[in-house]
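Notes follow the structure.
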Amino acid sequence: MRTVKVSLGSRSYRIRIGDDLLDVLGRECSRLDLGKRCAVITDTRVAPHYADRILRALGAQDFHPRLIVIPAGESSKSLPVVDRCYQELSDHRLDRQSFVVALGGGVVGDLAGFVAATYLRGIGFVQVPTTLLAQVDSSVGGKVGINLRSAKNLVGAFHQPKLVLTDLRVLDTLPPREFRSGLAEVIKYGVIWDPALFRLLERSMGKILSRDRAVLARVIARCCDIKAEVVTQDEQEGGLRAILNFGHTIGHGIEALAGYGRYLHGEAVAIGMVAACRLSHALTGLSRDEGARIVNLLKQAGLPVSVQLTHPRRTRLFEILSLDKKTSGGRPRFVLAHRIGHVLHGQEVPPQSIADTLASLSGSEFNSLATPSRPRSRQQPCPPAGKENDVQRE
Ligand code: NAD
Ligand code: GLY
C-alpha cells in the first residue's frame with residue numbers, strides 16, 4: 001500500500017492507495033476520531049458492485065451505516081438531491097461526531113462532500129473514489145459542491161476529507177470511456193508540474209490503457225503527491241492552486257455549451273488543454289514540439305482533441321467563458337504553459353486570441369495553430385449567438 005499525506009495542520013489526512021482496500025474501510029475509520037453513526041452515499045451504477053462490501057467493512061467495526069443511493073450522473077449534483085440526503089441523515093440521527101462516506105466518482109464525492117460540509121454546520125467525511133478521475137483529482141483537496149442550472153460547481157465549500165481510500169481494483173469495472181476521461185487529468189499533472197511523469201505517460205500509455213495495476217499505482221500516487229503539494233501550498237486557491245485548472249476554462253465552457261453529459265469531464269478538459277496549448281504557443285512560449293507532444297499524448301489516451309464549432313456556437317462559448325468562476329472583471333483567466341512541467345496562472349488573454357483559438361479547434365494537429373493576434377479596440381469577438389447546436393464529438 002502507498003500512502004500520500006496531505007499536510008494541512010489540524011485538517012491533515014492520508015491518501016491510502018492499494019489493492020482491495022474497500023475491505024479495510026472500517027478499520028481505517030476506527031483510527032479516526034469519528035462516531036459510530038454514518039451514511040454511505042453512492043450512486044446507482046456503483047452500488048451494485050461495491051455497496052455491500054463497504055457496509056460489511058463498516059459493520060465489522062461496529063459502525064452503523066445508512067446507505068443512500070443517488071441516480072448516477074452529473075444531474076445528481078443538485079439542490080434537490082442534497083435536500084434528500086439531508087433528510088436521510090436526519091432520519092438516521094447523525095450527530096456532530098457522525099460522518100459521511102462518499103463511494104463513487106467525482107459526482108458522488110462533490111455532492112457527498114457538500115452534504116457533509118453543510119449538515120450540522122459540518123461533519124466528517126471519507127472519500128472512497130471509484131473512478132480514475134476521482135482517484136487522481138476530485139477526492140483530494142477538499143473542493144466540494146453542486147451545480148446550478150446556469151453553470152457548474154457554482155455552490156460549494158472547501159471541506160477536507162478525513163481520509164481518502166483508493167482501491168485500485170475498483171477500476172476493473174469502470175467503463176473504458178470513463179477510464180480515458182480520467183487520463184485527461186493524469187496528463188494535466190505532467191503538463192503543469194512534472195516532466196518525468198509526462199515522459200512516463202508517453203512510455204507507458206499502452207500499459208496504462210490495459211490497466212496494469214503496478215503502473216497505475218505509481219501514476220495515481222504521483223498525481224496525488226502533486227495535488228497534495230499544490231493544496232498544501234494554497235488550500236483555498238489564492239493563487240498556485242489555479243494551475244490545477246489547466247485546460248478547464250475552455251473545457252468547462254465546452255461541457256456547458258454541449259449540454260452536461262454529452263462530453264465527459266475529462267473529454268472536455270482534453271479539448272480545453274489543446275486550446276490552452278495553442279494559446280500557450282502564441283503567448284507564453286510553449287514550443288511547437290512540446291505542444292505537439294501534449295496533443296499526441298491526449299490522442300494516445302483516446303481522448304478527443306478537436307471539436308467542430310460554427311461561428312454562432314463559438315460566440316455562445318465566448319459568452320459562457322465570461323461567466324466562468326475563473327474570470328476577473330468579466331474576463332476569463334487562463335493557465336498557460338511555458339514548457340512541459342511549468343505553467344503560469346492568472347493569464348489574461350486578448351479576446352481575439354481566444355476567438356482565433358476557438359476557430360482553430362476543428363483541426364486536430366498542433367501545427368494548425370492560429371497566428372496570435374493583438375487585442376483590437378472596441379472589437380466584438382464574434383457576432384451575436386444563433387440557436388443551432390452543432391458541437392460534435394470527434
Ligand atoms: P462520475 O462520478 O459521474 O462517474 C462516472 C460514471 O462512472 C458514473 O456513471 C458512475 O456511476 C460510474 N462509476 C463510477 N465508478 C465506477 C466503477 N468503479 N465501476 C463502474 N462504474 C463506475 O464522473 P467522474 O468523472 O468521476 O467525476 C466528474 C465530476 O467530478 C464532475 O462533476 C466534476 O465537476 C467533478 N470534479 C471535481 C473536482 C474537485 O476537485 N472537487 C475535480 C475534478 C472533477
Ligand atoms: N480540480 C481542481 C482543484 O481541486 O482545485
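Counting starts at 1 for both ligands and their atoms, following the listed order. Note that the numbering runs from 1 along the sequence shown for the chain.
- No side-chain N or O of Glu202 forms a donor-acceptor pair with one of Gln300 less than 3.5 Å apart.
- A donor-acceptor pair shorter than 3.5 Å cannot be found between the side chains of Glu290 and His338.
- Sorted by chain then number, the residues whose non-hydrogen atoms approach ligand 1 to under 4.0 Å are Asp43, Arg45, Val46, Tyr50, Ala72, Glu74, Lys77, Gly105, Gly106, Val107, Asp110, Thr130, Thr131, Leu133, Asp137, Ser138, Lys143, Lys152, Asn153, Val170, Thr173, Leu174, Pro175, Glu178, Lys227, His265.
- For the pair Arg211 and Phe179, the distance from NZ or CZ to the six-membered ring centre is under 6.0 Å and the angle to the ring normal is within 45 degrees.
- Residues satisfying the ring pair (Phe, Tyr, Trp, His ring centres under 6.0 Å) criterion with His64, sequence neighbours excluded, are absent altogether.
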Note every protein N or O atom lying under 3.5 Å from an N or O atom of ligand 2, pairing the names and giving the distance.
residue  : atom  : partner : partner atom : Å
ligand 2 : 1 (N) : Asp137  : OD1          : 3.2
ligand 2 : 4 (O) : Lys227  : NZ           : 2.6
ligand 2 : 4 (O) : Arg241  : NH2          : 2.8
ligand 2 : 5 (O) : Lys143  : NZ           : 3.0
ligand 2 : 5 (O) : Arg241  : NE           : 2.7
ligand 2 : 5 (O) : Arg241  : NH2          : 3.3

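- Using a 4.0 Å cut-off between a side-chain N of Lys or Arg and a carboxylate O of Asp or Glu, Asp137 and Lys188 qualify as a salt bridge.
- Side-chain contact between Lys227 and Arg241: present, with at least one pair of heavy atoms (C-beta onward) separated by less than 4.5 Å.
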Asp225 and Arg2: CA distance, side-chain angles, deciding distance, salt bridge (charged side-chain N to carboxylate O under 4.0 Å, His left out) verdict: CA-CA 11 Å; Asp225 263 337; Arg2 293 169 189 251; over 6 Å; no
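- Residue Val107 shares its hydrophobic cluster (ILVMFWY side chains chained together at separations under 4.5 Å) with no other residue.
- Judged by the 6.0 Å distance and 45° axis criteria, Lys162 is not positioned over the aromatic ring of Tyr13.
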